[in-house]
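Chain A is the first sequence line, chain B the second, and so forth, proteins listed ahead of strands; every chain is numbered from 1. Quick caveat: nothing in here was measured; it's all calculated off a predicted structure.
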Protein chains: 2
Amino acid sequence: MTKPVLDFWYDFASTYSFLSAMRIAPLAETEGVAVRWRPFLLGPIFQSQNLTTSPFVTFPLKGRHMWRDMERLTAEMGIGFRRPSAFPQNSLLAARVAMAGMDKGWGEDFTRAIYLAEFCDGKTISEQGIIAEVLGTLKLPVEATLAHALSDDNKSKLRVQTEQAQKLELFGAPSFTTADGEIFWGNDRLEQALRWAKRS
Amino acid sequence: MTKPVLDFWYDFASTYSFLSAMRIAPLAETEGVAVRWRPFLLGPIFQSQNLTTSPFVTFPLKGRHMWRDMERLTAEMGIGFRRPSAFPQNSLLAARVAMAGMDKGWGEDFTRAIYLAEFCDGKTISEQGIIAEVLGTLKLPVEATLAHALSDDNKSKLRVQTEQAQKLELFGAPSFTTADGEIFWGNDRLEQALRWAKRS
């Protein structure tokens with residue numbers, strides 16, 4: 001029997017996407033749902049809402065709550081969270097590499113490793129050296145992988161994926177979408193989205 | 001033994017405050033936490049963030065998701081939700097009446113009844129006639145209650161409460177605050193806020 005599918009849309013700059021990336025695999029396994037990991041870029045989507053940066057920067061009180069919320073939630077999850085010095089980070093390179101990894105079976109592991117580097121180890125994920133380090137820990141050939149990630153073909157795949165997110169009218173991350181057209185926004189909706197995917 | 005206290009800050013225009021108002025009493029009972037119901041006005045708080053209306057209006061895609069999210073969540077809760085024709089509604093009069101009721105023991109019941117009128121029966125809660133109807137169903141003396149709600153003393157109490165919300169740097173509703181200075185924002189944090197209040 002084919003498993004029901006849930007699409008998981010995430011941006012590497014997004015704190016709550018980090019939480020979902022760390023939680024989704026075991027939860028989906030329990031529910032018998034297959035997850036399609038879909039890195040995309042929030043930048044163009046925020047721009048089309050006339051936001052020039054993250055709402056957590058535009059609205060400082062909301063931003064302050066988000067950081068404290070992250071501390072409390074990661075403590076409950078047993079994750080050693082550390083607020084990065086820069087936020088939001090430029091997620092373009094990481095998203096391109098993740099995109100390249102999805103067809104090859106290491107995209108999920110890369111995604112989790114990048115999020116941990118960013119939000120636990122305080123690394124700047126826009127730096128090619130940091131991406132290379134993470135690829136190294138995954139035992140992947142660094143130069144060939146980066147060359148593939150930066151190929152026109154792979155860049156175009158990420159662009160198309162971001163355009164699909166816009167067509168679906170996603171407005172934030174993480175978002176979860178189902179085959180029957182539901183959009184669930186936010187890490188807090190992960191469980192509900194999985195249940196929905198399962199029953200539909 | 002004195003129960004630990006959780007402050008519950010809500011605005012009658014807020015859809016997610018509605019959900020918390022319907023959920024908080026039994027959950028707090030189970031956790032052994034006393035809830036202080038604190039109606040306030042989001043308007044001045046949004047204004048100080050340079051928002052002229054609800055973010056759900058300013059950002060239409062976020063608004064569209066919120067309505068669908070409300071449909072899904074209320075269905076799970078067994079509440080017959082109906083999207084009101086006007087949003088956000090002017091919540092000033094309802095907040096004044098709720099404020100008047102808090103000292104007298106009927107504030108909580110009034111709060112739930114107003115939310116149900118607004119989000120299940122499609123009523124316009126800025127209308128004095130609707131408020132009067134709700135007071136009638138609660139067997140309260142309509143004219144005397146409205147007169148008290150509109151007294152300078154009671155108006156001032158609501159103003160002070162809204163100023164307290166601003167001093168706490170609340171930025172949205174519902175919010176939950178604890179004696180040790182934590183802010184939990186959103187209906188999704190109700191359970192966590194109760195657990196925090198209990199242990200602190």
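- A:E143 is linked by a salt bridge (charged side-chain N to carboxylate O under 4.0 Å, His left out) to nothing, counting only residues two or more places apart in sequence or in another chain.
- A single hydrophobic cluster is not seen to contain both B:L168 and B:V160; linkage of ILVMFWY side chains at heavy-atom distances under 4.5 Å, directly or through other members, places them apart.
- Two different hydrophobic clusters hold A:Y10 and A:L170 under the rule that ILVMFWY side chains link at heavy-atom gaps under 4.5 Å.
- Counting heavy atoms of neighbouring residues, nucleotides and ligands inside a 6.0 Å radius, atom CD of A:E29 does not exceed 12 of them.
- Among the residues in residues 51-84 of chain A, those with a non-hydrogen atom closer than 4.5 angstrom to a non-hydrogen atom of chain B are A:L51, A:F59, A:L61, A:K62, A:R64, A:H65, A:R68, A:D69, A:R72, A:L73, A:E76.
- Following chains of ILVMFWY side-chain contacts shorter than 4.5 Å, one cannot reach A:F8 starting from A:F40, and the two form parts of different hydrophobic clusters.
- The environment of A:D180 atom CG is dense: over 12 non-hydrogen atoms of other residues, nucleotides or ligands sit within 6.0 angstrom.
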